[in-house]
Undergrad: 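I have a structure here, written as C-alpha coordinates, and I will follow up with some questions on it.
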Number of protein chains: 2
Amino acid sequence: MDSESVEAPATGDAKEPAWRQRAVSRSLNAARSRAEQRVQRFLDAAFELIDEKGTTDFTIQEVIDRSKQSLRGFYQYFHGKDELLLALFEDSMLESAIDLREAVAEETEPLARLRACAIRLHEWCEPADSTRKRGAHNRRPISEFSVQLAVAHPERVKAAIEPVSRLLLELVGEAATAKTISVADTRQAAALVQQIVMYSWFGNRLISDPKMRLTAEQTWEFCLRGLGA
Amino acid sequence: MDSESVEAPATGDAKEPAWRQRAVSRSLNAARSRAEQRVQRFLDAAFELIDEKGTTDFTIQEVIDRSKQSLRGFYQYFHGKDELLLALFEDSMLESAIDLREAVAEETEPLARLRACAIRLHEWCEPADSTRKRGAHNRRPISEFSVQLAVAHPERVKAAIEPVSRLLLELVGEAATAKTISVADTRQAAALVQQIVMYSWFGNRLISDPKMRLTAEQTWEFCLRGLGA
DNA sequence: TCGGAAGTGAGAACACCACTCTCCCATTTC
DNA sequence: GAAATGGGAGAGTGGTGTTCTCACTTCCGA
(Lines give C-alpha, C1' and ligand atoms only; values in the text may rest on other atoms or scores of the structure.)
Protein backbone atom coordinates (compact mmCIF):
# COMPACT_ATOMS: atom_id res chain seq x y z
CA MET A 1 0.00 0.00 0.00
CA ASP A 2 2.99 2.31 -0.40
CA SER A 3 3.68 4.35 -3.51
CA GLU A 4 1.79 2.27 -5.97
CA SER A 5 2.08 4.38 -9.05
CA VAL A 6 -0.19 3.30 -11.84
CA GLU A 7 1.82 1.66 -14.53
CA ALA A 8 1.44 3.28 -17.90
CA PRO A 9 -0.44 0.96 -20.23
CA ALA A 10 1.84 1.63 -23.16
CA THR A 11 0.57 -1.07 -25.46
CA GLY A 12 -3.08 -1.19 -24.41
CA ASP A 13 -5.97 -0.67 -26.75
CA ALA A 14 -8.23 1.96 -25.27
CA LYS A 15 -11.31 -0.26 -25.04
CA GLU A 16 -9.63 -2.59 -22.53
CA PRO A 17 -10.72 -2.11 -18.91
CA ALA A 18 -8.08 -0.37 -16.87
CA TRP A 19 -7.72 -2.96 -14.16
CA ARG A 20 -7.31 -5.71 -16.70
CA GLN A 21 -4.43 -3.88 -18.27
CA ARG A 22 -2.89 -3.36 -14.88
CA ALA A 23 -3.23 -6.96 -13.80
CA VAL A 24 -2.04 -8.36 -17.07
CA SER A 25 0.83 -5.97 -17.63
CA ARG A 26 2.82 -7.71 -14.93
CA SER A 27 3.38 -10.68 -17.16
CA LEU A 28 3.37 -8.96 -20.49
CA ASN A 29 6.32 -10.96 -21.71
CA ALA A 30 4.32 -14.17 -21.46
CA ALA A 31 1.30 -14.99 -23.53
CA ARG A 32 -1.20 -12.25 -22.90
CA SER A 33 -4.30 -14.24 -23.68
CA ARG A 34 -3.37 -16.99 -21.26
CA ALA A 35 -2.91 -14.49 -18.49
CA GLU A 36 -6.29 -12.97 -19.23
CA GLN A 37 -7.89 -16.36 -19.11
CA ARG A 38 -6.40 -16.97 -15.69
CA VAL A 39 -7.57 -13.63 -14.43
CA GLN A 40 -11.01 -14.37 -15.75
CA ARG A 41 -11.11 -17.66 -13.90
CA PHE A 42 -10.46 -15.85 -10.65
CA LEU A 43 -13.23 -13.41 -11.43
CA ASP A 44 -15.68 -16.14 -12.38
CA ALA A 45 -14.95 -18.04 -9.20
CA ALA A 46 -15.43 -14.94 -7.10
CA PHE A 47 -18.72 -14.13 -8.83
CA GLU A 48 -19.95 -17.65 -8.17
CA LEU A 49 -19.06 -17.44 -4.51
CA ILE A 50 -20.78 -14.09 -4.20
CA ASP A 51 -23.90 -15.46 -5.83
CA GLU A 52 -23.95 -18.46 -3.54
CA LYS A 53 -23.20 -16.69 -0.29
CA GLY A 54 -24.95 -13.43 -1.03
CA THR A 55 -22.02 -11.55 0.41
CA THR A 56 -18.44 -10.61 -0.38
CA ASP A 57 -17.25 -12.42 2.71
CA PHE A 58 -15.58 -15.21 0.82
CA THR A 59 -12.00 -16.14 1.58
CA ILE A 60 -9.13 -16.10 -0.86
CA GLN A 61 -8.75 -19.79 -0.23
CA GLU A 62 -12.25 -20.40 -1.49
CA VAL A 63 -11.50 -18.48 -4.65
CA ILE A 64 -8.36 -20.55 -5.12
CA ASP A 65 -10.18 -23.83 -4.64
CA ARG A 66 -13.05 -22.83 -6.86
CA SER A 67 -10.87 -21.56 -9.66
CA LYS A 68 -8.55 -24.54 -9.41
CA GLN A 69 -5.57 -22.26 -9.24
CA SER A 70 -2.88 -21.48 -6.74
CA LEU A 71 -2.60 -18.90 -4.02
CA ARG A 72 0.60 -17.78 -5.55
CA GLY A 73 -1.08 -17.27 -8.87
CA PHE A 74 -3.72 -15.15 -7.23
CA TYR A 75 -1.23 -12.72 -5.75
CA GLN A 76 0.58 -12.66 -9.04
CA TYR A 77 -2.44 -11.04 -10.66
CA PHE A 78 -4.04 -9.20 -7.76
CA HIS A 79 -2.28 -7.21 -5.08
CA GLY A 80 -4.88 -8.29 -2.57
CA LYS A 81 -8.48 -9.05 -1.95
CA ASP A 82 -9.48 -5.43 -2.39
CA GLU A 83 -8.07 -5.39 -5.86
CA LEU A 84 -10.14 -8.43 -6.75
CA LEU A 85 -13.30 -6.78 -5.46
CA LEU A 86 -12.38 -3.62 -7.29
CA ALA A 87 -12.02 -5.64 -10.48
CA LEU A 88 -15.44 -7.20 -9.96
CA PHE A 89 -16.92 -3.79 -9.32
CA GLU A 90 -15.29 -2.34 -12.39
CA ASP A 91 -16.56 -5.25 -14.44
CA SER A 92 -20.06 -4.68 -13.12
CA MET A 93 -20.00 -0.99 -13.90
CA LEU A 94 -18.75 -1.64 -17.41
CA GLU A 95 -21.53 -4.10 -18.03
CA SER A 96 -24.04 -1.68 -16.54
CA ALA A 97 -22.87 1.14 -18.74
CA ILE A 98 -23.37 -0.96 -21.85
CA ASP A 99 -26.85 -1.97 -20.74
CA LEU A 100 -27.72 1.59 -19.82
CA ARG A 101 -26.71 2.86 -23.22
CA GLU A 102 -29.01 0.31 -24.78
CA ALA A 103 -31.87 1.48 -22.61
CA VAL A 104 -31.11 5.10 -23.43
CA ALA A 105 -30.97 4.41 -27.15
CA GLU A 106 -34.64 3.44 -27.12
CA GLU A 107 -35.65 7.00 -26.30
CA THR A 108 -35.23 10.18 -28.28
CA GLU A 109 -36.41 12.98 -26.01
CA PRO A 110 -33.55 14.18 -23.76
CA LEU A 111 -35.60 13.94 -20.61
CA ALA A 112 -36.94 10.52 -21.49
CA ARG A 113 -33.40 9.37 -22.14
CA LEU A 114 -32.25 10.63 -18.80
CA ARG A 115 -35.21 9.03 -17.13
CA ALA A 116 -34.57 5.69 -18.79
CA CYS A 117 -30.99 5.83 -17.60
CA ALA A 118 -31.95 6.67 -14.04
CA ILE A 119 -34.58 3.97 -13.77
CA ARG A 120 -32.38 1.31 -15.25
CA LEU A 121 -29.44 2.35 -13.13
CA HIS A 122 -31.60 2.07 -10.05
CA GLU A 123 -32.50 -1.46 -11.01
CA TRP A 124 -28.85 -2.30 -11.45
CA CYS A 125 -27.84 -0.99 -8.08
CA GLU A 126 -30.76 -2.37 -6.12
CA PRO A 127 -31.40 -5.61 -7.90
CA ALA A 128 -34.68 -7.13 -6.85
CA ASP A 129 -34.69 -10.82 -7.66
CA SER A 130 -37.67 -10.27 -9.92
CA THR A 131 -35.92 -7.78 -12.15
CA ARG A 132 -32.63 -9.60 -12.21
CA LYS A 133 -32.08 -11.40 -15.45
CA ARG A 134 -31.67 -15.13 -15.26
CA GLY A 135 -28.04 -16.16 -15.25
CA ALA A 136 -26.89 -12.68 -14.38
CA HIS A 137 -24.81 -12.24 -11.28
CA ASN A 138 -26.09 -10.86 -8.03
CA ARG A 139 -24.75 -7.32 -7.92
CA ARG A 140 -26.04 -6.34 -4.53
CA PRO A 141 -23.11 -7.65 -2.48
CA ILE A 142 -20.74 -5.80 -4.76
CA SER A 143 -22.83 -2.67 -4.48
CA GLU A 144 -22.71 -2.95 -0.74
CA PHE A 145 -19.01 -3.48 -0.64
CA SER A 146 -18.38 -0.62 -3.02
CA VAL A 147 -19.05 1.87 -0.25
CA GLN A 148 -16.17 0.41 1.72
CA LEU A 149 -14.01 0.52 -1.36
CA ALA A 150 -15.01 4.13 -1.90
CA VAL A 151 -13.72 4.99 1.55
CA ALA A 152 -10.47 3.09 1.14
CA HIS A 153 -9.75 3.69 -2.53
CA PRO A 154 -11.85 6.60 -3.76
CA GLU A 155 -9.81 7.15 -6.89
CA ARG A 156 -10.17 3.58 -7.99
CA VAL A 157 -13.89 3.56 -7.40
CA LYS A 158 -14.26 6.83 -9.21
CA ALA A 159 -12.42 5.38 -12.18
CA ALA A 160 -14.59 2.28 -12.09
CA ILE A 161 -17.82 4.26 -12.07
CA GLU A 162 -16.57 6.57 -14.78
CA PRO A 163 -18.43 4.89 -17.68
CA VAL A 164 -21.71 5.42 -15.86
CA SER A 165 -20.75 8.92 -14.73
CA ARG A 166 -19.91 9.90 -18.27
CA LEU A 167 -23.23 8.65 -19.59
CA LEU A 168 -25.14 10.54 -16.92
CA LEU A 169 -23.16 13.67 -17.61
CA GLU A 170 -23.94 13.39 -21.32
CA LEU A 171 -27.64 12.96 -20.67
CA VAL A 172 -27.85 15.78 -18.16
CA GLY A 173 -25.97 17.91 -20.65
CA GLU A 174 -28.39 17.02 -23.42
CA ALA A 175 -31.38 17.83 -21.27
CA ALA A 176 -29.81 21.07 -20.12
CA THR A 177 -29.07 22.32 -23.64
CA ALA A 178 -32.58 21.30 -24.66
CA LYS A 179 -33.82 23.52 -21.83
CA THR A 180 -35.99 20.72 -20.46
CA ILE A 181 -34.16 21.03 -17.15
CA SER A 182 -32.48 24.03 -15.63
CA VAL A 183 -29.37 23.47 -13.60
CA ALA A 184 -26.51 25.76 -12.72
CA ASP A 185 -23.79 23.19 -13.17
CA THR A 186 -24.31 20.02 -15.19
CA ARG A 187 -21.43 18.23 -13.49
CA GLN A 188 -22.80 18.73 -10.04
CA ALA A 189 -26.31 17.90 -11.12
CA ALA A 190 -25.10 14.70 -12.70
CA ALA A 191 -23.12 13.83 -9.59
CA LEU A 192 -26.18 14.34 -7.42
CA VAL A 193 -28.39 12.23 -9.62
CA GLN A 194 -25.78 9.52 -9.72
CA GLN A 195 -25.45 9.40 -6.00
CA ILE A 196 -29.15 9.49 -5.27
CA VAL A 197 -30.01 6.82 -7.78
CA MET A 198 -27.07 4.52 -7.19
CA TYR A 199 -27.25 4.61 -3.43
CA SER A 200 -30.93 4.83 -2.69
CA TRP A 201 -30.67 1.18 -1.73
CA PHE A 202 -28.67 2.36 1.19
CA GLY A 203 -31.43 4.56 2.52
CA ASN A 204 -33.92 1.80 1.87
CA ARG A 205 -31.91 -0.45 4.12
CA LEU A 206 -32.93 1.79 6.99
CA ILE A 207 -36.64 1.44 6.29
CA SER A 208 -38.19 -1.63 7.86
CA ASP A 209 -41.52 -1.65 6.11
CA PRO A 210 -41.03 -2.84 2.51
CA LYS A 211 -44.10 -0.86 1.47
CA MET A 212 -42.42 2.36 2.46
CA ARG A 213 -39.23 1.80 0.54
CA LEU A 214 -38.44 4.13 -2.31
CA THR A 215 -38.98 2.80 -5.79
CA ALA A 216 -37.02 3.72 -8.85
CA GLU A 217 -39.90 5.88 -10.00
CA GLN A 218 -40.15 7.79 -6.76
CA THR A 219 -36.44 8.37 -6.63
CA TRP A 220 -36.54 9.60 -10.19
CA GLU A 221 -39.46 11.93 -9.47
CA PHE A 222 -37.43 13.54 -6.74
CA CYS A 223 -34.40 13.94 -8.98
CA LEU A 224 -36.56 15.31 -11.77
CA ARG A 225 -37.83 18.12 -9.62
CA GLY A 226 -34.38 18.64 -8.16
CA LEU A 227 -33.15 19.21 -11.68
CA GLY A 228 -35.69 21.95 -12.14
CA ALA A 229 -37.70 20.28 -14.87
CA MET B 1 -24.61 -13.57 16.44
CA ASP B 2 -27.28 -16.19 17.04
CA SER B 3 -30.75 -15.31 18.31
CA GLU B 4 -29.91 -12.10 20.07
CA SER B 5 -33.33 -10.96 21.11
CA VAL B 6 -33.37 -7.43 22.42
CA GLU B 7 -33.85 -7.48 26.14
CA ALA B 8 -36.85 -5.50 27.23
CA PRO B 9 -35.69 -2.48 29.23
CA ALA B 10 -38.40 -2.84 31.81
CA THR B 11 -37.08 -0.32 34.29
CA GLY B 12 -35.50 2.20 31.92
CA ASP B 13 -36.41 5.85 31.85
CA ALA B 14 -37.30 6.78 28.32
CA LYS B 15 -34.60 9.44 27.92
CA GLU B 16 -31.82 6.86 28.28
CA PRO B 17 -30.18 5.78 24.99
CA ALA B 18 -31.20 2.29 24.02
CA TRP B 19 -27.75 0.79 23.78
CA ARG B 20 -26.81 2.10 27.19
CA GLN B 21 -29.76 0.39 28.72
CA ARG B 22 -28.85 -2.77 26.95
CA ALA B 23 -25.22 -2.71 27.99
CA VAL B 24 -25.98 -1.78 31.54
CA SER B 25 -28.87 -4.13 32.06
CA ARG B 26 -26.51 -7.04 32.20
CA SER B 27 -25.32 -5.99 35.61
CA LEU B 28 -28.40 -4.28 36.84
CA ASN B 29 -28.16 -5.89 40.23
CA ALA B 30 -24.85 -4.17 40.87
CA ALA B 31 -24.35 -0.46 41.17
CA ARG B 32 -25.74 1.07 38.01
CA SER B 33 -23.73 4.23 38.09
CA ARG B 34 -20.44 2.41 38.34
CA ALA B 35 -21.28 0.31 35.33
CA GLU B 36 -22.17 3.41 33.36
CA GLN B 37 -18.91 5.00 34.31
CA ARG B 38 -17.03 1.99 33.03
CA VAL B 39 -18.96 1.98 29.78
CA GLN B 40 -18.24 5.67 29.40
CA ARG B 41 -14.53 5.09 29.86
CA PHE B 42 -14.56 2.65 26.98
CA LEU B 43 -16.39 5.16 24.85
CA ASP B 44 -14.02 7.99 25.76
CA ALA B 45 -11.00 5.87 25.00
CA ALA B 46 -12.44 4.87 21.64
CA PHE B 47 -13.24 8.49 20.77
CA GLU B 48 -9.70 9.51 21.63
CA LEU B 49 -8.24 6.80 19.45
CA ILE B 50 -10.50 7.78 16.58
CA ASP B 51 -9.49 11.41 16.91
CA GLU B 52 -5.81 10.54 16.95
CA LYS B 53 -5.82 8.03 14.14
CA GLY B 54 -8.53 9.57 12.02
CA THR B 55 -10.01 6.16 11.45
CA THR B 56 -11.99 3.47 13.23
CA ASP B 57 -9.17 1.00 12.68
CA PHE B 58 -8.18 0.86 16.31
CA THR B 59 -7.82 -2.49 18.02
CA ILE B 60 -9.71 -3.65 21.06
CA GLN B 61 -6.38 -3.94 22.82
CA GLU B 62 -5.74 -0.25 22.29
CA VAL B 63 -9.10 0.58 23.80
CA ILE B 64 -8.28 -1.62 26.77
CA ASP B 65 -4.90 -0.04 27.33
CA ARG B 66 -6.23 3.48 26.91
CA SER B 67 -9.18 3.00 29.20
CA LYS B 68 -7.07 1.17 31.78
CA GLN B 69 -9.57 -1.64 31.88
CA SER B 70 -9.57 -5.30 31.06
CA LEU B 71 -10.43 -7.22 27.95
CA ARG B 72 -12.85 -9.23 29.94
CA GLY B 73 -14.56 -6.10 31.12
CA PHE B 74 -14.90 -4.94 27.56
CA TYR B 75 -16.73 -8.05 26.45
CA GLN B 76 -18.84 -7.85 29.54
CA TYR B 77 -20.34 -4.59 28.34
CA PHE B 78 -20.09 -4.93 24.58
CA HIS B 79 -20.80 -8.02 22.55
CA GLY B 80 -18.06 -7.07 20.16
CA LYS B 81 -16.32 -4.29 18.38
CA ASP B 82 -19.33 -3.56 16.21
CA GLU B 83 -21.42 -2.88 19.27
CA LEU B 84 -18.86 -0.39 20.49
CA LEU B 85 -18.89 1.42 17.16
CA LEU B 86 -22.66 1.31 17.17
CA ALA B 87 -22.66 2.90 20.59
CA LEU B 88 -20.33 5.65 19.39
CA PHE B 89 -22.53 6.22 16.38
CA GLU B 90 -25.65 6.35 18.50
CA ASP B 91 -23.96 8.80 20.83
CA SER B 92 -23.00 10.98 17.89
CA MET B 93 -26.49 10.98 16.46
CA LEU B 94 -27.99 11.86 19.82
CA GLU B 95 -25.63 14.78 20.19
CA SER B 96 -26.35 15.86 16.62
CA ALA B 97 -30.07 15.78 17.18
CA ILE B 98 -29.76 18.07 20.18
CA ASP B 99 -27.60 20.48 18.24
CA LEU B 100 -29.92 20.37 15.25
CA ARG B 101 -32.90 21.22 17.39
CA GLU B 102 -31.06 24.24 18.67
CA ALA B 103 -30.32 25.37 15.15
CA VAL B 104 -33.92 24.80 14.13
CA ALA B 105 -35.24 26.75 17.10
CA GLU B 106 -33.62 29.90 15.77
CA GLU B 107 -35.98 29.95 12.80
CA THR B 108 -39.71 30.34 12.64
CA GLU B 109 -40.66 29.85 9.00
CA PRO B 110 -41.19 26.13 8.28
CA LEU B 111 -38.96 26.17 5.24
CA ALA B 112 -36.24 28.13 7.02
CA ARG B 113 -36.36 25.62 9.84
CA LEU B 114 -36.01 22.72 7.46
CA ARG B 115 -33.18 24.49 5.71
CA ALA B 116 -31.35 25.17 8.95
CA CYS B 117 -31.65 21.53 9.85
CA ALA B 118 -30.37 20.32 6.49
CA ILE B 119 -27.40 22.67 6.45
CA ARG B 120 -26.38 21.87 9.99
CA LEU B 121 -26.83 18.16 9.43
CA HIS B 122 -24.61 18.36 6.40
CA GLU B 123 -21.92 20.00 8.53
CA TRP B 124 -22.23 17.24 11.08
CA CYS B 125 -21.86 14.47 8.57
CA GLU B 126 -19.08 16.02 6.54
CA PRO B 127 -17.13 17.85 9.19
CA ALA B 128 -14.60 20.20 7.69
CA ASP B 129 -11.92 21.02 10.24
CA SER B 130 -12.87 24.67 9.98
CA THR B 131 -16.48 24.11 11.03
CA ARG B 132 -15.69 21.56 13.70
CA LYS B 133 -15.92 23.00 17.14
CA ARG B 134 -12.79 22.96 19.27
CA GLY B 135 -12.72 20.00 21.58
CA ALA B 136 -15.45 18.20 19.70
CA HIS B 137 -14.72 14.75 18.38
CA ASN B 138 -13.97 13.95 14.80
CA ARG B 139 -17.15 12.44 13.46
CA ARG B 140 -15.97 11.61 9.99
CA PRO B 141 -14.50 8.19 10.75
CA ILE B 142 -17.71 7.21 12.46
CA SER B 143 -19.73 8.54 9.57
CA GLU B 144 -17.64 6.47 7.22
CA PHE B 145 -17.95 3.35 9.28
CA SER B 146 -21.68 3.81 9.67
CA VAL B 147 -22.23 2.65 6.11
CA GLN B 148 -20.67 -0.68 6.98
CA LEU B 149 -22.78 -0.87 10.09
CA ALA B 150 -25.85 -0.09 8.02
CA VAL B 151 -25.13 -3.09 5.83
CA ALA B 152 -24.44 -5.42 8.74
CA HIS B 153 -26.97 -4.14 11.30
CA PRO B 154 -29.55 -2.01 9.52
CA GLU B 155 -32.04 -2.12 12.37
CA ARG B 156 -29.52 -0.87 14.87
CA VAL B 157 -28.39 1.94 12.63
CA LYS B 158 -31.95 2.88 11.91
CA ALA B 159 -32.63 3.08 15.63
CA ALA B 160 -29.50 5.16 16.16
CA ILE B 161 -30.45 7.66 13.48
CA GLU B 162 -34.01 7.83 14.69
CA PRO B 163 -33.63 11.10 16.65
CA VAL B 164 -32.46 12.82 13.49
CA SER B 165 -35.04 11.07 11.33
CA ARG B 166 -37.81 12.16 13.63
CA LEU B 167 -36.71 15.77 13.54
CA LEU B 168 -36.53 15.77 9.77
CA LEU B 169 -39.93 14.17 9.54
CA GLU B 170 -41.40 16.82 11.81
CA LEU B 171 -39.89 19.63 9.78
CA VAL B 172 -40.94 18.18 6.44
CA GLY B 173 -44.39 17.72 7.92
CA GLU B 174 -44.51 21.33 9.09
CA ALA B 175 -43.45 22.61 5.70
CA ALA B 176 -45.94 20.36 3.96
CA THR B 177 -48.91 21.49 6.04
CA ALA B 178 -47.80 25.09 5.54
CA LYS B 179 -47.94 24.40 1.81
CA THR B 180 -44.46 25.77 1.31
CA ILE B 181 -43.47 22.45 -0.20
CA SER B 182 -45.58 19.89 -2.01
CA VAL B 183 -44.77 16.26 -1.53
CA ALA B 184 -46.88 13.16 -1.94
CA ASP B 185 -45.54 11.37 1.11
CA THR B 186 -43.79 13.19 3.93
CA ARG B 187 -42.07 10.05 5.16
CA GLN B 188 -40.47 9.31 1.86
CA ALA B 189 -39.55 12.92 1.28
CA ALA B 190 -37.90 13.07 4.69
CA ALA B 191 -36.06 9.83 4.02
CA LEU B 192 -34.74 11.19 0.74
CA VAL B 193 -33.59 14.43 2.28
CA GLN B 194 -31.95 12.56 5.09
CA GLN B 195 -30.03 10.30 2.81
CA ILE B 196 -28.95 13.01 0.39
CA VAL B 197 -27.79 15.35 3.11
CA MET B 198 -26.18 12.80 5.41
CA TYR B 199 -24.33 10.93 2.71
CA SER B 200 -23.36 13.60 0.25
CA TRP B 201 -19.88 13.26 1.67
CA PHE B 202 -19.84 9.89 0.07
CA GLY B 203 -20.42 11.27 -3.41
CA ASN B 204 -17.87 13.99 -2.74
CA ARG B 205 -15.31 11.31 -2.07
CA LEU B 206 -15.54 10.43 -5.73
CA ILE B 207 -14.79 13.94 -6.91
CA SER B 208 -11.09 14.71 -7.11
CA ASP B 209 -11.23 18.45 -7.58
CA PRO B 210 -12.14 20.10 -4.24
CA LYS B 211 -13.65 23.02 -6.13
CA MET B 212 -16.22 20.73 -7.69
CA ARG B 213 -17.41 19.15 -4.46
CA LEU B 214 -20.95 19.78 -3.40
CA THR B 215 -21.44 22.24 -0.58
CA ALA B 216 -24.18 22.12 2.01
CA GLU B 217 -25.95 24.94 0.19
CA GLN B 218 -25.89 23.23 -3.17
CA THR B 219 -27.12 19.99 -1.73
CA TRP B 220 -29.90 21.86 0.00
CA GLU B 221 -30.86 23.67 -3.20
CA PHE B 222 -31.30 20.36 -4.91
CA CYS B 223 -33.41 18.98 -2.10
CA LEU B 224 -35.47 22.13 -2.00
CA ARG B 225 -36.49 21.76 -5.61
CA GLY B 226 -36.93 18.05 -5.17
CA LEU B 227 -39.44 18.85 -2.46
CA GLY B 228 -41.41 20.97 -4.88
CA ALA B 229 -40.92 24.27 -3.09
C1' DT C 1 -15.56 -11.53 61.95
C1' DC C 2 -16.09 -15.10 58.63
C1' DG C 3 -17.16 -17.17 54.19
C1' DG C 4 -19.01 -17.50 49.92
C1' DA C 5 -20.62 -15.30 45.75
C1' DA C 6 -20.04 -12.08 42.42
C1' DG C 7 -16.92 -8.87 40.13
C1' DT C 8 -12.53 -7.81 38.11
C1' DG C 9 -7.80 -7.85 36.13
C1' DA C 10 -4.08 -9.94 33.52
C1' DG C 11 -3.09 -12.36 29.85
C1' DA C 12 -2.78 -16.91 27.67
C1' DA C 13 -5.08 -19.28 24.14
C1' DC C 14 -7.94 -19.87 20.08
C1' DA C 15 -9.87 -18.99 15.44
C1' DC C 16 -9.76 -16.90 11.35
C1' DC C 17 -7.87 -14.93 7.39
C1' DA C 18 -5.02 -12.14 4.38
C1' DC C 19 -0.66 -12.52 2.82
C1' DT C 20 4.37 -14.42 2.19
C1' DC C 21 7.70 -17.76 1.39
C1' DT C 22 9.81 -22.03 0.08
C1' DC C 23 10.03 -26.18 -2.38
C1' DC C 24 9.48 -28.69 -6.37
C1' DC C 25 7.90 -30.06 -10.85
C1' DA C 26 6.71 -29.08 -15.71
C1' DT C 27 7.40 -26.69 -19.82
C1' DT C 28 9.95 -23.94 -22.64
C1' DT C 29 14.26 -22.22 -24.61
C1' DC C 30 18.88 -22.13 -26.19
C1' DG D 1 20.48 -31.92 -22.61
C1' DA D 2 20.98 -28.01 -19.35
C1' DA D 3 19.19 -23.85 -17.75
C1' DA D 4 15.57 -20.71 -16.95
C1' DT D 5 11.03 -19.45 -16.44
C1' DG D 6 6.34 -20.30 -14.80
C1' DG D 7 3.27 -22.18 -11.88
C1' DG D 8 1.12 -25.52 -8.29
C1' DA D 9 0.92 -27.04 -3.42
C1' DG D 10 0.96 -25.84 0.99
C1' DA D 11 3.41 -24.61 5.24
C1' DG D 12 4.27 -20.50 7.74
C1' DT D 13 3.60 -15.57 9.53
C1' DG D 14 1.22 -11.74 11.53
C1' DG D 15 -2.50 -9.31 13.12
C1' DT D 16 -6.89 -9.09 15.30
C1' DG D 17 -11.33 -10.21 17.30
C1' DT D 18 -13.01 -13.32 20.74
C1' DT D 19 -13.04 -16.77 24.47
C1' DC D 20 -11.19 -18.95 28.47
C1' DT D 21 -8.64 -19.68 32.77
C1' DC D 22 -7.17 -18.39 37.08
C1' DA D 23 -6.07 -15.62 40.80
C1' DC D 24 -7.30 -11.55 43.40
C1' DT D 25 -10.71 -8.11 45.33
C1' DT D 26 -14.98 -6.45 46.96
C1' DC D 27 -19.26 -6.85 48.87
C1' DC D 28 -22.87 -8.66 51.78
C1' DG D 29 -25.35 -11.49 54.83
C1' DA D 30 -24.89 -14.69 58.87
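Labels below follow one simple rule: chain letters A, B, ... track the order of the sequence lines, proteins then strands, and each chain is numbered from 1.
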Undergrad: What integer distance in Å separates B:Phe42:CZ from C:dG9:C1'?
TA: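 That distance rounds to 11 Å.
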
Undergrad: CG of B:Asp82 versus P of D:dT16: gap in Å, rounded?
TA: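 Spelled out: CG on B:Asp82 to P on D:dT16 is 16 Å.
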
Undergrad: Can you tell me the distance, in whole Å, between the CD atom of A:Glu83 and the P atom of C:dC19?
TA: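 In whole Å, C:dC19 P lies 10 Å from A:Glu83 CD.
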
Undergrad: Is it true that B:Glu162 and B:Arg166 have a side-chain N and a carboxylate O under 4.0 angstrom from each other?
TA: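 Yes, B:Glu162 and B:Arg166 are salt-bridged.
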
Undergrad: In terms of the nearest nucleotide of DNA chain C, which residue is placed more toward the 5' end: B:Leu71 or A:Leu71?
TA: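 Nearest nucleotide further toward 5': that of B:Leu71.
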
Undergrad: Give the nucleotide from the list D:dT19, D:dA9, C:dC17 with an atom nearest to the side chain of A:Thr59.
TA: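 The closest nucleotide is C:dC17.
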
Undergrad: Calculate the interatomic distance between A:Ile64 atom CD1 and D:dG7 atom C1'; express it in whole Å.
TA: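 In whole Å, D:dG7 C1' lies 12 Å from A:Ile64 CD1.
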
Undergrad: Take B:Trp124 and B:Met198 through the side-chain contact (heavy atoms from CB on, under 4.5 Å) test and state the conclusion after the steps.
TA: CA-CA 8 Å; B:Trp124 268 96; B:Met198 286 189 73; over 6 Å; no

Undergrad: Rounded to whole Å, please give me the gap between CZ in B:Phe58 and P in D:dT16.
TA: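 Checked: the CZ to P distance equals 12 Å.
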
Undergrad: Between CD1 of B:Ile119 and OG1 of B:Thr215, what distance do you get to the nearest 0.5 Å?
TA: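 That separation rounds to 7.5 Å.
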
Undergrad: Between D:dG8, D:dG7, D:dT18, which nucleotide gets closest to the side-chain atoms of B:Tyr75?
TA: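 Of D:dG8, D:dG7, D:dT18, D:dT18 is nearest to the side chain of B:Tyr75.
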
Undergrad: If the cut-off is 4.0 Å, is A:Gln76 near the phosphate of D:dG6, judged by side-chain N/O to OP1 or OP2?
TA: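 No.
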
Undergrad: Go through D:dG17, D:dG7, D:dT19 for me and flag the one nearest to the B:Lys81 side chain.
TA: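 Nucleotide nearest to B:Lys81's side chain: D:dG17.
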
Undergrad: Ignoring the backbone of B:Ile60, work out which of D:dG17, C:dA10, C:dA18 is nearest its side chain.
TA: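 Side chain of B:Ile60 sits closest to D:dG17.
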
Undergrad: Just how far, in rounded Å, is C1' of D:dT18 from NE2 of B:His79?
TA: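 Answer to the nearest Å: 13 Å.
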
Undergrad: Hey, could you give me the CZ/CG distance between B:Arg139 and B:Asp91, rounded to the nearest 0.5 Å?
TA: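 So the gap between those two atoms works out to 7.5 Å.
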
Undergrad: Salt bridge or not between B:Glu144 and B:Arg205? Use side-chain N to carboxylate O under 4.0 Å.
TA: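 Yes, this pair counts.
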
Undergrad: Nearest-Å distance, CZ (A:Phe78) to C1' (C:dA18)?
TA: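 After rounding, the reported distance stands at 15 Å.
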
Undergrad: C:dT20, C:dT22, D:dG17: which one has an atom nearest the side-chain heavy atoms of A:Arg72?
TA: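 Nearest listed nucleotide: C:dT22.
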
Undergrad: To the nearest Å, give me how far apart CD (B:Glu62) and P (D:dG17) are.
TA: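 Atom CD in B:Glu62 sits about 9 Å away from atom P in D:dG17.
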
Undergrad: Does A:Phe74 reach a base, just sugar-phosphate, or nothing at all? Heavy atoms under 4.0 Å.
TA: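 Nothing: the residue A:Phe74, judged by heavy atoms under 4.0 Å, touches no strand.
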
